[in-house]
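Below: one structure, written as structure tokens.
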2 protein chains.
Amino acid sequence: MSDALSAIERFSRYQSDDARSAESVHCPVRDVLDCIGDKWSILMIMTLATRPQRFSELHRAIRDISKRMLTQTLRDLERDGLVTRNVFPTKPPSVEYYLSPLGQSLLEPMASLIDWADRRYSDIHAARVRFDGAPCDVPR
Amino acid sequence: MSDALSAIERFSRYQSDDARSAESVHCPVRDVLDCIGDKWSILMIMTLATRPQRFSELHRAIRDISKRMLTQTLRDLERDGLVTRNVFPTKPPSVEYYLSPLGQSLLEPMASLIDWADRRYSDIHAARVRFDGAPCDVPR
DNA sequence: TAGGGCAGGTCTCACATAGAGACCTGAGGT
DNA sequence: ACCTCAGGTCTCTATGTGAGACCTGCCCTA
């Protein structure tokens, strides 16, 4: 837990630096969130965690992503060095995506997040039902 | 690391369940990503990690968020039980936001992510420069 | 007593991003 | 001759986001 505190303290130092001097220091957390903080990246990385997969496999695994966003998310992750793209010269050519070592190193911190999601999911759900059920007791 | 593997294996079981039966099983990871996977939530939670803060303090801390999104993000986090809203009847009334116990329990998994961001940030940056520098060696 | 400022928002408009789904290419099956 | 497949791209529309004007009550100052 002291790990958590020190990491967060480091972050808040970046934040205040940022606040103080308009653009000079840039917070790594912001950068990393720009990479994997979008709608599909985390899901993509977790889907690739078990094994390399091809474009259409990924599309089947994440059924509600559009081809356009699938392409774009993979391209961004490739650009950031988290995912590697491999083209096999078959007919028709097949393309395989897999996690680079950098991408794999993200699995451990992400696993603790999954773990949290699993354990706390019901709490969140309950809070939401409660909130939606009693929206009027505190007028805004 | 076996923790990571087991968590990810659990996730992939959800994924394949999802793929098999159209809507019956819903993956908790997807739900949690819907909560905190948007542009501002993680940043908000980390900013609230150090201490409770008022609306305008948060606005100063995260300078590039609009008031509209600040309100909306806080409302969503409150709805999901991660953040608590407290109104003091001063004149004019002041409003304080702080992490609920549920929100605080998220700090630990998030800290490991921050830690990763700090350590690997330069790798990502390097990969990006490399990718942008040589965009033409593999024509798509 | 008129005017201005503050906190904590809401509202409207404009623009950026995401999704749906048609289309493309080149080869192989029937 | 026609259909299918993988791995995309393209266009159009729907949704999300940002900028910034405005609102409400109360206080302070001139």
Give the rounded distance in Å between these two atoms: [atom1] of [X] and [atom2] of [N].
| X | N | atom1 | atom2 | answer |
| --- | --- | --- | --- | --- |
| A/Phe88 | D/dC5 | CZ | P | 22 Å |
| B/Asp34 | D/dG16 | CG | P | 11 Å |
| A/Arg63 | C/dA20 | CZ | C1' | 16 Å |
| B/Gln72 | C/dC11 | CD | P | 13 Å |
| B/Glu96 | C/dG9 | CD | P | 13 Å |
| B/Glu78 | C/dG8 | CD | P | 14 Å |
| A/His59 | D/dG7 | NE2 | C1' | 11 Å |
| B/Asp64 | D/dG20 | CG | P | 14 Å |

Could you please name the option among [options] that lies closest to any side-chain atom of [X]?
| X | options | result |
| --- | --- | --- |
| A/Pro92 | C/dG8, D/dA6, C/dC6 | D/dA6 |
| A/Lys67 | D/dT9, C/dG8, C/dA18 | D/dT9 |
| A/Ser66 | D/dG25, C/dA20, D/dG7 | C/dA20 |
| B/Val95 | D/dT9, C/dG9, C/dA20 | C/dG9 |

- request: Answer with base, sugar-phosphate or nothing: what part of the nucleic acid does A/Tyr97 contact at a heavy-atom distance below 4.0 Å?
  value: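 Sugar-phosphate, backbone atoms only, no base.
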query: For B/Arg75 and C/dG8, is the shortest distance between a side-chain N/O and OP1 or OP2 below 4.0 Å?
result: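 No, B/Arg75 has no side-chain N/O under 4.0 Å of OP1/OP2 on C/dG8.
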- request: Give a yes or no answer on whether the side chain of A/Ser100 reaches the backbone of A/Gly103 with a donor-acceptor pair at less than 3.5 Å.
  value: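 Present.
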- prompt: Counting N and O atoms only, with roles assigned by atom type, does the side chain of B/Glu78 sit under 3.5 Å from a partner on the main chain of B/Arg85, one being a donor and the other an acceptor?
  reply: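 It does not hold such a pair.
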task: Walk me through it: do A/Ile36 and A/Leu106 pass the test side-chain contact (heavy atoms from CB on, under 4.5 Å)?
output: CA-CA 10 Å; A/Ile36 61 165; A/Leu106 182 52; 4.3 Å; yes
Identify each donor-acceptor pair in which a side-chain atom of residues 119-126 of chain A lies under 3.5 Å from a protein atom, sequence neighbours left out, and give them as a table.
{"from": "A/Arg119", "atom 1": "NH1", "to": "A/Asp115", "atom 2": "OD2", "distance (Å)": "2.6"}
{"from": "A/Arg120", "atom 1": "NH1", "to": "A/Asp123", "atom 2": "OD2", "distance (Å)": "3.3"}

task: On DNA chain C, check which nucleotide each of B/Ser94 and A/Met69 is closest to and give me the residue with the more 5' one.
output: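 Checking each residue's closest nucleotide, the 5'-ward one belongs to B/Ser94.
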Electrostatic pair B/Asp64-A/Arg30, nearest N-O below 4.0 angstrom: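 Salt bridge present between B/Asp64 and A/Arg30.
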task: Give, ordered by number, those residues of residues 37-58 of chain B having at least one heavy-atom distance below 4.0 Å to an atom of DNA chain D; if nothing qualifies, reply none.
output: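 Result for residues 37-58 of chain B: B/Lys39, B/Trp40, sorted by number.
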query: How about A/Ser112 and B/Ser112: does a side-chain donor come under 3.5 Å of a side-chain acceptor?
result: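 Their side chains do contain a donor-acceptor pair, which is all the 3.5 Å distance test asks for.
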- prompt: Can you name the closest pair of heavy atoms from B/Phe55 and B/Lys67 and give their distance?
  reply: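 Answer, listing the atom of B/Phe55 first, then B/Lys67: CZ-O, 4.2 Å.
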message: I want to confirm an ordering. Mapping A/Pro93 and A/Arg68 to their closest nucleotides on DNA chain D, which one lands closer to the 5' end?
response: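 Going by which nucleotide is closer to the 5' end, it is A/Pro93.
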